[in-house]
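Encoded as structure tokens, the structure appears first; notes follow it.
Below, each value reflects all heavy atoms present in this structure, side chains not excepted, and no hydrogens, waters or symmetry copies. A note on names: the letters A, B, ... follow the listed sequences, proteins ahead of strands, and every chain is numbered from 1.
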Amino acid sequence: MPGSAELVEVLAGPVLDAAPRLLGAVLRYADVAVRLTEVEAYDGPGDPGSHAARGRTPRNAVMFGPPGRLYVYFTYGMHHCVNVVCGPEGTASAVLFRAGEVVDGHESARARRPAARRDRDLARGPGRLCQALALDRGQDGTDLADGPVTLTLLAEPVDTQAISRGPRVGLRHAAQRPWRFWLTGDASVSSYRPASRSGVDGSRAPR
DNA sequence: GCTCCGATTATCT
DNA sequence: GATAATCGGAGCG
């Protein structure tokens, strides 16, 4: 399968190149599939906003391993978020999957996301995306090349004209780095507030 | 559409 | 002991 060789190549490259390239890709786990519409890059231990910023811990160990593995963590006492590790082994970079559009398995996704009013809300936000796909710490460390979770790139990258970028969401540190990428105008892109109540905004996705 | 606020617990200091 | 790469509901427009 030539597609998966290309995926390996993309994920092994610089995280700021990989992130926009993953827009439009389809993430599948069992019967539910999500087309990614919003991602965020976390660029190694030198990125103050990254979980890797304060070195390796049991939780973030996967980030320090080879690219192509899922880093799934639990936060706010109730939510999971999923990333894919990028860059050469030891780089500790990753792309967070922030939102997507459910393209298969709507029934399962709906059953797991009863609060979703519309289909566009099923995977609109990193916690929601994990819930729709039923991803949790059990998938931490899963290799996309050899596991139950798959990621399929688009044959052709999305036109850069169709991609927007802006500040990251929900971080205390270095949120202002414009490392969030999304498909301009897509209904499933999250539109959440920044972490700081008083801080500069500009992170809203265009509607 | 928007803003505010509480929930709930693994993880790290 | 404090924090967190969030979410959903309430109240307002």
Side-chain angles (χ1 to χ4, degrees), chain A residues 15-16 18-19 22-23 27 34 36-64 69-87 91-100 102 109-141 165-182 185 187-207:
Chain A
V15 68
L16 291 175
L22 296 180
L23 292 173
L27 183 68
V34 167
L36 300 177
T37 58
E38 180 186 0
V39 300
E40 257 173 20
Y42 288 85
D43 193 12
D47 175 1
S50 173
H51 286 177
R54 280 173 293 196
R56 181 176 177 143
T57 68
R59 176 174 73 158
N60 67 20
V62 171
M63 290 186 82
F64 290 81
R69 291 182 182 171
L70 297 182
Y71 166 47
V72 187
Y73 67 90
F74 183 71
T75 190
Y76 288 101
M78 59 188 98
H79 300 299
H80 293 274
C81 294
V82 61
N83 303 246
V84 62
V85 177
C86 291
T91 307
S93 294
V95 173
L96 169 69
F97 300 151
R98 282 200 57 87
V102 173
R110 274 218 156 273
R112 295 166 184 155
R113 294 264 310 114
R117 294 190 167 227
R118 336 178 77 176
D119 278 358
R120 71 171 61 114
D121 297 322
L122 287 172
R124 189 183 189 212
R128 293 162 167 186
L129 183 147
C130 279
Q131 201 177 347
L133 285 162
L135 294 173
D136 58 29
R137 286 288 280 167
Q139 281 71 51
D140 186 51
R165 62 185 292 179
R168 294 181 291 186
V169 175
L171 286 69
R172 300 198 352 165
H173 303 292
Q176 71 283 359
R177 298 184 188 192
W179 294 347
R180 179 165 74 112
F181 301 85
W182 66 92
S188 67
V189 171
S190 69
S191 59
Y192 298 136
R193 48 274 182 191
S196 157
R197 266 177 258 174
S198 56
V200 184
D201 190 1
S203 63
R204 285 288 186 302
R207 284 277 62 94

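One can place CG of Asp136(A) at 16 Å from C1' of dT6(C), the figure rounded to the nearest angstrom. Across the protein-nucleic acid pair, Tyr73(A) atom OH and dT3(C) atom P stand 18 Å apart, rounded to whole Å. One can place NE2 of His79(A) at 16 Å from P of dG6(B), the figure rounded to the nearest angstrom.
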Between the protein and nucleotides 11-13 of chain C, which nitrogen or oxygen pairs are less than 3.5 angstrom apart?
none

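A salt bridge does not link Arg118(A) to Asp121(A): none of the charged nitrogens lies less than 4.0 Å from a carboxylate oxygen. Salt bridge Arg110(A)/Asp119(A): present, at least one basic N to carboxylate O contact under 4.0 Å.
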Give the intermediate values and the outcome of side-chain contact (heavy atoms from CB on, under 4.5 Å) for residues Arg177(A) and Asp47(A). CA-CA 9 Å; Arg177(A) 298 184 188 192; Asp47(A) 175 1; 4.2 Å; yes
Working note: Val15(A) + Tyr42(A), criterion side-chain contact (heavy atoms from CB on, under 4.5 Å); need CA distance, chi angles, decisive distance, verdict. CA-CA 7 Å; Val15(A) 68; Tyr42(A) 288 85; over 6 Å; no
Tell me, with the steps shown, if Val102(A) and Val34(A) meet side-chain contact (heavy atoms from CB on, under 4.5 Å). CA-CA 4 Å; Val102(A) 173; Val34(A) 167; 4.1 Å; yes
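Nearest-nucleotide positions on DNA chain C place Glu40(A) closer to the 5' end than the other of Glu40(A) and Asp121(A). The nearest heavy atom of DNA chain C to His173(A) and to Gln131(A) marks one nucleotide each, and the one closer to the 5' end goes with His173(A).
Once rounded to the nearest 0.5 Å, the distance linking CG of Leu36(A) with CZ of Arg98(A) reads 12.5 Å. To the nearest 0.5 Å, atoms CD (Glu38(A)) and CZ (Phe181(A)) are separated by 11.5 Å. Here the CE-NE2 distance, from Met63(A) to His51(A), works out to 8.0 Å after rounding to the nearest 0.5 Å. To the nearest 0.5 angstrom, Phe97(A) atom CZ is 5.5 Å from Leu27(A) atom CG. Atom CZ of residue Arg59(A) and atom CZ of residue Arg137(A) lie 8.0 Å apart, to the nearest 0.5 angstrom. Remark: Arg165(A) CZ to Trp182(A) CH2 distance equals 10.0 Å, nearest 0.5 Å.
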Kindly express the pairing pattern of DNA chain C in dot-bracket notation, using | wherever a base pairs with another strand and counting only Watson-Crick or G-U pairs under 3.5 Å. ||||.|||||||.
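Taking only side-chain nitrogens and oxygens, His51(A) comes nearer than 4.0 Å to OP1 or OP2 of dA5(C). Remark: Arg124(A) is not in phosphate contact with dC7(C), judged by side-chain N or O atoms under 4.0 Å from OP1 or OP2.
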Once each nucleotide of nucleotides 8-13 of chain B is scored for protein heavy atoms under 4.0 Å, what B/S/- sequence comes out, 5' to 3'? BBSSS-
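When heavy atoms are screened at a 4.0 angstrom cut-off, Arg113(A) is found touching the sugar-phosphate backbone but no base atom.
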